Each structure stands twice: as C-alpha cells, then as structure tokens.
Amino acid sequence: MSQFLSNCTTSAMVDAAANLLAGGLVAFPTETVYGLGADACNADAVARIYSVKGRPADHPLIVHIASMDGLGDWADDVPGYVISLARDFWPGPMTLVVKRSGLAGDFVTGGQDTVGVRVPDHPVACGLLEAFVRAGGQGVAAPSANRFGNVSPTTAHAVADELGDYLAEGDQILDGGACDVGVESTIIDCTSAAPRILRPGAITVEMISEVTGLEVSKGPTKIRVSGSLDSHYAPKAKVVLDAEPAAGDGFIASANVPTPTGVIRLLEPKDDQEYARGLYLALRQADALGLAKVVAISPTGAGIAEAIRDRLSRASH
Ligand code: TXA
Ligand code: MG
C-alpha cells in the first residue's frame, strides 16, 4: 500500500523529495493532470514507472524541473525561440522537446536523441521540485499517473484508483486538489528551425506564434508520442461524438445544451476551460456508474477547445 498524503505541508514535500532521491515513486499534482514521478537520473526508479503504468519501454517521459534554469542541464543546442517560449509560458502547461544532453539517459528518452522538459505550475509540484533540487536532484521524470491508455487522473483519488494496486509500500501520492487545466500539456517539438505542436493543450498555436514570431506547424513527426496513438485517454465506456444520446447514456455537452429525458448528464461546462477541467472526471464517473455509452458534444472554436477535441477523438477511437 502506498502512502496517501492529504495535507502537503512543506515538510511533507521535503520528505517526498527525499523519497524520490532514494528511488521511490511519488505521484503529485500539476496544473494539467497528476504525474507519477521518479528521479530522472535513476534508471531503476524510472523502470518502476513503466511497470506501474504498464507502459511500453520505448515511450519517452517528460522531465519536470523547478525552473527554466535547469533546462541547460537536460538540453543541448536549444534554438533561440525555446528561450522565448520558456520565459513566457513556464511555469505552465507546456512541454518542450529539445536535443538531449548527456544527462538524459535512454531510459528516460525511450532511446531518442531528444528529451521532453517542463516546468509545472502548481504549488505542490513546485514545492516538491524545489525541495528535490535543494536535496541535490536535477529532474523528476513523470508521465500522467494512469495505467497505459487510460484517462489521465485529475484528482489524487483518481490516482489511487488507477495505481493503488501497483504502487509499493514506500511510494507516495500527494493530494493537491483537483487540477485546474484538466488536460495534459501542449507538447512542442523544438528540434527544427520552427516549432511544431505534437500534442495540443492550453498553450495554443496562436500563443506560440505570437511569442516566437514563427510559423507553427502541427501534427506528428517520426518522434514517438504515446498520447498520439489513435486510441488513448479512453474510459471503459464507449465514447460517441456529436450524436443524439438515448435514455441511459451518459452525456457531456456545454451548459446551453439541454439534457434529454432519461439521459445521465456527466458534465455541463459554461465555457471551454470548465469543459477541459471536468472532462476526465466525467469520463471516470461514467465508468464508476458502469455506463456502457457516453455521448459527448465537441466544443467548436479555437484555444483549448482544440485540445478537448483531440482528447475526445482519442477517447472515442
Ligand atoms: O501535462 C503533462 O504533460 C503531464 C503532467 C504530469 O506533466 N504529463 C504527461 O506525460 O502527460 P505522459 O507521459 O502521459 O505524456 C507525455 C507525452 C508522451 O506521449 C510522450 O511520448 C511524449 O510526451 N514525449 C516525452 N518525451 C518526448 C520526446 N523526447 N519526444 C517526443 N515526445 C515525447
Ligand atoms: Mg499520459
């Protein structure tokens, strides 16, 4: 049984940082989703992330650092626009894929010559990472704290439901409340002359091109992004998009769409931010209620709506 910490005091975060340095796993909140962390320099600890998640070993992990000062430890030859992006959007829901330094082992990068780096923006994540640096650590490798292919957890209880059976005695789950953004970070490939979005998130194309002055492209490259598998982020219930729900179906749609008789309303967000924040909890609730089918009406529009459509389409695949 892992340890569940509902009160993340400074001393709890110092303990958790020591646990990471000693090779333990610590699940922690970020502003996007909960992550399952290990010392990114410890091959054995990182190997345990893969076994707890049931994730294939060639899928790379994101290295979480306390501030952009740590970027140079993990990256080599970063283009100038990376510094602009880091300055404007870190701490925040953005992962930069850059050429790796010697510090980033194959066991973190899935054997690729790039590494994903992010400075998260959540008081518990920041407190943990700062304590980790003070204790001599350099980065915390952390995928979303779910079993491979499942919906990412946005609460500590969802982490316990997902991973409770797989974590070991000394491992910890830090409770920092519900995640504010609710969908995973924007992943940007920064290995070319201009940025390319590998996974949409709260940091949008428009924001990236405004800060960098560059034309931003979208879509997969030869780089492996596990979240870019067609089927991912999926609950047990069958997810159907933009259809008419029948009695007994779960239903996700913005607040201005009424709930047909007999349909189980799982989410009625007033705006796209609320949609993103509530989506994964609504999909989890569908499974908790044992629903066979969930109908979701996709948000139209730009901004984070694009990330919501991306996750809905993978959940429905
Ligand atoms: O919001 C987030 O990004 C959350 C929180 C915990 O930070 N993390 C997260 O991690 O979503 P994960 O492992 O579930 O998804 C990270 C994605 C994976 O699809 C992985 O393939 C991709 O990032 N990734 C990591 N390093 C990469 C690299 N060097 N090149 C390309 N993709 C990379
Ligand atoms: Mg994930």
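Because the structure is a prediction, the values reported are computed rather than measured. Whatever order the structure lists them in is the order used to number ligands and atoms, beginning at 1.
Both the backbone and the side chain of E184 come within 4.0 Å of ligand 1, judged by heavy-atom distances. Contacts with ligand 1 closer than 4.0 Å are made by side-chain heavy atoms of H64 only, the backbone lying farther away. At a heavy-atom cutoff of 4.0 Å, ligand 1 is contacted by the backbone of L61 but not by its side chain. Here V97 has side-chain heavy atoms under 4.0 Å from ligand 1, and that is the only part of it that gets that close.
Within the structure, ring-ring contact (aromatic ring centres under 6.0 Å, His included) pairs that include any residue of residues 191-217 do not occur (at least two apart or interchain). Residue pairs meeting the salt bridge (Lys or Arg N to Asp or Glu O under 4.0 Å) criterion with at least one member in residues 68-92, sequence neighbours excluded, are D77-K99.
Residue contact check: G35 has heavy atoms under 4.0 Å from atoms 6 (C) of ligand 1. Every atom of ligand 1 is numbered from 1 in the order shown, and the set under 4.0 Å from a heavy atom of P60 is 20 (C), 21 (O), 24 (N), 25 (C), 26 (N), 27 (C), 28 (C), 33 (C). Set against the non-hydrogen atoms of V115, the atoms of ligand 1 under 4.0 Å away are 29 (N). Per-residue contacts place I187 under 4.0 angstrom from the following atoms of ligand 1 (heavy atoms of the residue considered): 17 (C), 22 (C), 23 (O). Close approach to S185 involves these atoms of ligand 1, each under 4.0 Å from a residue heavy atom: 1 (O), 2 (C), 3 (O). With ligand atoms numbered from 1 in the order given, ligand 1 contributes 12 (P), 13 (O), 14 (O), 18 (C), 20 (C) to contacts under 4.0 Å with heavy atoms of R55. Against a heavy-atom cut-off of under 4.0 Å, T114 is close to the following atoms of ligand 1: 28 (C), 29 (N), 30 (N).
The closest non-hydrogen atom to atom 4 (C) of ligand 1, taken over V140, V33, T30, comes from V33. One option in L96, I49, I62 has a heavy atom closer to atom 16 (C) of ligand 1 than any other, and that option is I62.
The nearest N, O or S atom of N146 is not closer to the Mg ion (ligand 2) than 2.8 Å.
V294 pairs with exactly one of I252, V240, L312 by the side-chain contact (heavy atoms from CB on, under 4.5 Å) rule, that one being I252.
Outside the 6.0 Å centre-distance limit, the rings of Y50 and H59 are not counted as a close aromatic pair.
Under the 30°/60° scheme for interplanar angles, the aromatic rings of Y233 and Y280 are found to lie parallel.
At least one heavy atom of R118 lies less than 4.0 angstrom from ligand 1. In this structure, T109 has no heavy atom closer than 4.0 Å to ligand 1.
A donor-acceptor pair under 3.5 Å is formed between the side chain of R147 and the backbone N or O of V52.
The environment of CD in E206 is crowded: more than 12 heavy-atom neighbours from other residues, nucleotides or ligands sit within 6.0 Å.
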Q. Given the rule in the salt bridge (charged side-chain N to carboxylate O under 4.0 Å, His left out) test, do D44 and R48 qualify, once you have shown the distances and angles that lead to the verdict?
A. CA-CA 6 Å; D44 295 331; R48 282 199 52 229; over 6 Å; no
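Considering backbone and side-chain N/O atoms, T32 comes within less than 3.5 Å of an N/O atom of ligand 1.
Atom CG of D15 and atom CG of L128 lie 11.0 Å apart (nearest 0.5 Å).
Salt bridge R100/D106: present, at least one basic N to carboxylate O contact under 4.0 Å. Salt bridge present: R284 and E162 bring a charged side-chain N and a carboxylate O closer than 4.0 Å.
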